[in-house]
Amino acid sequence: MSLEEYSKKRKFNKTTEPKGKTTLKGEFRFVIHKHQASHLHWDFRLELPENADGSGFWVLKSWAVPKEPPAEGGVKRLAVGVEDHPVDYISFEGEIPEGQYGAGIVKIWDSGSFNLKNRTENEIEFELLGKKLKGNYALVHTKMGGNPKNWLFFKKSS
Ligand code: MN
């Protein structure tokens, strides 16, 4: 099941991150966590069914973005696919203790809803209605450098 990898990586008696339940309903929200871990990164999360065809439980599809997500067009950011997170994680902020997976401070950098425009296995297009990020964005599964986790995240210039 989709949250297996998420659960396997965490000790819920040591971290305040939500244990999370699977859910069959969702709301097309997004969050971007600024995560000061061993390397600063932004975790971009879209609330979606786990599978591209719309089947499965609702989760937060998640990507780690090593540089600040772009508010303007013309900048493409590497986005590395990571494990699905539970929908409950959307409001999480806190400090993951030293020695635990993702140790460091997690803060919400932006959040809001989105309109899903198109979704396939290798491309997701959506309109973000956030405070910092607004407008049409895309995630494209480029598998750059032969890494199947590599996507590109960018704002569409149109
Ligand atoms: Mn992270």
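Heads up: numbering here begins at 1 and tracks the sequence. Just so it is clear, the model here is predicted, and its values are computed rather than measured. Read the numbers this way: they start at 1 and go in the same order the structure lists the ligands and their atoms.
- Salt bridge status for Glu123 with Arg119: absent, with no side-chain N to carboxylate O gap under 4.0 Å.
- Of all protein atoms, those of element N, O or S that lie under 2.8 Å from the Mn ion (ligand 1) number 3.
- For the pair Lys67 and Trp42, the cation-pi criterion (under 6.0 Å, within 45° of the ring axis) is not fulfilled.
- A donor-acceptor contact closer than 3.5 angstrom is absent between the side chains of His33 and Asp43.
- Aromatic ring centres of Phe153 and Phe44 lie closer together than 6.0 Å.
- For the pair Lys117 and Phe126, the NZ or CZ position fails the cation-pi test of under 6.0 Å to the six-membered ring centre and within 45 degrees of the ring normal.
- Between Tyr89 and His85, the angle of the ring planes goes over 60°, which puts this pair in the perpendicular group of the 30/60° scheme.
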